[in-house]
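Please read the structure below before turning to the comments.
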Amino acid sequence: LQLVESGGGSVQPGGSLRLSCAASGFSLDYYIVGWFRQAPGKDREGIASISSSGQVTNYADTVRGRFTISKDGAKNTVYLQMDSLQPEDTGVYYCAAANKSDPVLLYRLYVSLDGRGIDNWGQGTQVTVSS
């Protein structure tokens, strides 16, 4: 089971980036997927999640209205469209996947944006927002 993030980079404040999280070795049709980020010296923050169907999403207050999570089942990939980026959005961004058959992990990841106990993580992609 593997998750690979891509699409990070450097952008000026107000700019946009689209991150991708491609899964291999398993189908995201059975998994909840979340995006997390970690800034230097700060704790990991859950920012968005999407249901296995791709129909229901959840966002942290810090990104709601600016970021959009989506899913392409045919490509087995989840995306994070990030608009109106600000310097405080700088950090390493990770995706994680939890099997929807586990009610504890499902609730943690989808509702609470909590990554504890999740085994499937990508390697991360750096996002830097500065002028």
Side-chain angles (χ1 to χ4, degrees):
L1 307 183
Q2 188 176 24
L3 294 169
V4 178
E5 301 97 335
S6 61
S10 295
V11 64
Q12 293 185 340
S16 298
L17 286 173
R18 189 178 81 154
L19 306 184
S20 299
C21 171
S24 60
F26 66 106
S27 171
L28 290 179
D29 289 348
Y30 305 100
Y31 285 77
I32 310 297
V33 176
W35 281 98
F36 296 77
R37 66 185 181 187
Q38 189 164 21
K42 294 189 176 181
D43 292 337
R44 183 177 65 198
E45 176 190 16
I47 56 174
S49 63
I50 190 165
S51 64
S52 56
S53 68
Q55 298 299 308
V56 188
T57 57
N58 188 26
Y59 297 94
D61 290 342
T62 51
V63 305
R64 186 175 289 112
R66 300 188 299 123
F67 292 9
T68 303
I69 188 170
S70 62
K71 181 180 179 182
D72 186 332
K75 294 183 178 180
N76 213 28
T77 298
V78 169
Y79 302 98
L80 186 67
Q81 177 67 41
M82 305 187 296
D83 299 318
S84 301
L85 283 162
Q86 300 301 317
E88 53 266 33
D89 294 315
T90 294
V92 180
Y93 283 67
Y94 302 88
C95 62
N99 196 297
K100 68 178 183 178
S101 66
D102 187 323
V104 173
L105 292 185
L106 186 154
Y107 182 87
R108 277 185 186 171
L109 179 54
Y110 177 66
V111 178
S112 302
L113 297 176
D114 183 349
R116 289 177 298 153
I118 295 173
D119 293 329
N120 303 310
W121 291 85
Q123 82 289 350
T125 185
Q126 176 70 44
V127 172
T128 302
V129 185
S130 71
S131 53

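Just so you know, these numbers use all the heavy atoms, side chains as well, and skip hydrogens, waters and symmetry mates. The first residue in the sequence is number 1, and the count goes up from there.
Annotation: side chain of Ser101 is not in contact with side chain of Tyr30 (no heavy-atom distance under 4.5 Å). The side-chain heavy atoms of Ile47 and Tyr93, taken from C-beta on, include a pair separated by under 4.5 Å. In this structure the side chain of Tyr94 never reaches within 4.5 angstrom of the side chain of Leu19, judged on heavy atoms. Side chains of Lys100 and Tyr110 form no contact here, defined as non-hydrogen atoms less than 4.5 Å apart. Side-chain contact between Leu105 and Asn99 is absent, with no heavy atoms from C-beta onward closer than 4.5 Å. Inter-residue side-chain proximity for Val63 and Arg37 is flagged as met; some heavy-atom pair is nearer than 4.5 Å. Here the side chains of Leu3 and Phe26 are in contact, with some heavy-atom distance below 4.5 Å.
Connection of Ile69 to Leu113 is not established within any shared hydrophobic cluster, with ILVMFWY side chains joined at heavy-atom distances below 4.5 Å, either directly or through further cluster members. Taking hydrophobic clusters as Ile, Leu, Val, Met, Phe, Trp and Tyr residues chained together by side-chain heavy-atom distances below 4.5 Å, Leu1 shares a cluster with Trp35. Both Leu17 and Phe67 are assigned to one and the same hydrophobic cluster, defined by single-linkage of ILVMFWY side chains at heavy-atom distances under 4.5 Å. Residues Val56 and Val111 are members of one and the same hydrophobic cluster, defined by side-chain heavy-atom contacts under 4.5 angstrom among Ile, Leu, Val, Met, Phe, Trp and Tyr. Hydrophobic cluster membership is shared by Val33 and Val127, with clusters built from Ile, Leu, Val, Met, Phe, Trp and Tyr side chains linked at under 4.5 angstrom.
Applying the salt bridge (Lys or Arg N to Asp or Glu O under 4.0 Å) rule to pairs touching residues 46-57 yields nothing, sequence neighbours excluded. For residues 66-78, the set of pairs meeting the side chain to side chain donor-acceptor pair (under 3.5 Å) definition, not counting sequence neighbours, comprises Arg66-Asp89. Residue pairs meeting the disulfide bond (SG atoms under 2.5 Å apart) criterion with at least one partner in residues 14-52, sequence neighbours excluded, are Cys21-Cys95.
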side-chain hydrogen bond (donor to acceptor under 3.5 Å, both in side chains) between Thr128 and Ser130: does it pass, once the steps are laid out?
-> CA-CA 6 Å; Thr128 302; Ser130 71; over 6 Å; no

Apply the test side chain to side chain contact (heavy atoms under 4.5 Å, CB included) to residues Val78 and Tyr31: give CA-CA distance (whole Å), side-chain angles for both, the deciding distance (0.1 Å), then the verdict.
-> CA-CA 11 Å; Val78 169; Tyr31 285 77; over 6 Å; no

Acceptor/donor pairs from residues 114-122 side chains to any protein atom, 3.5 angstrom cut, sequence neighbours excluded:
unit_1: Asp114; atom_1: OD1; unit_2: Arg116; atom_2: N; d: 2.9
unit_1: Asp114; atom_1: OD1; unit_2: Arg116; atom_2: NE; d: 3.2
unit_1: Asp114; atom_1: OD2; unit_2: Arg116; atom_2: NE; d: 2.8
unit_1: Asp114; atom_1: OD2; unit_2: Arg116; atom_2: NH2; d: 2.7
unit_1: Asn120; atom_1: ND2; unit_2: Ala97; atom_2: O; d: 3.4
unit_1: Trp121; atom_1: NE1; unit_2: Ile118; atom_2: O; d: 2.8

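Looking at Glu5, its side chain does come within 3.5 Å of a backbone N or O of Gln123 through a donor-acceptor pair.
The distance from the CD1 atom of Ile32 to the OG atom of Ser52 is 4.5 Å, given to the nearest 0.5 Å. To the nearest 0.5 Å, atom CZ of residue Phe36 and atom CG of residue Leu80 are 12.0 Å apart. Atoms CG and CZ, from Asp102 and Arg108 in turn, are 8.5 Å apart once rounded to the nearest 0.5 Å.
Partners of Asp61 by salt bridge (charged side-chain N to carboxylate O under 4.0 Å, His left out), not counting sequence neighbours, listed by chain and number: Arg64. For Arg18, there are no salt bridge (charged side-chain N to carboxylate O under 4.0 Å, His left out) partners, not counting sequence neighbours.
Across all their heavy atoms, Val129 and Thr90 have their closest contact at N-OG1, 2.9 Å.
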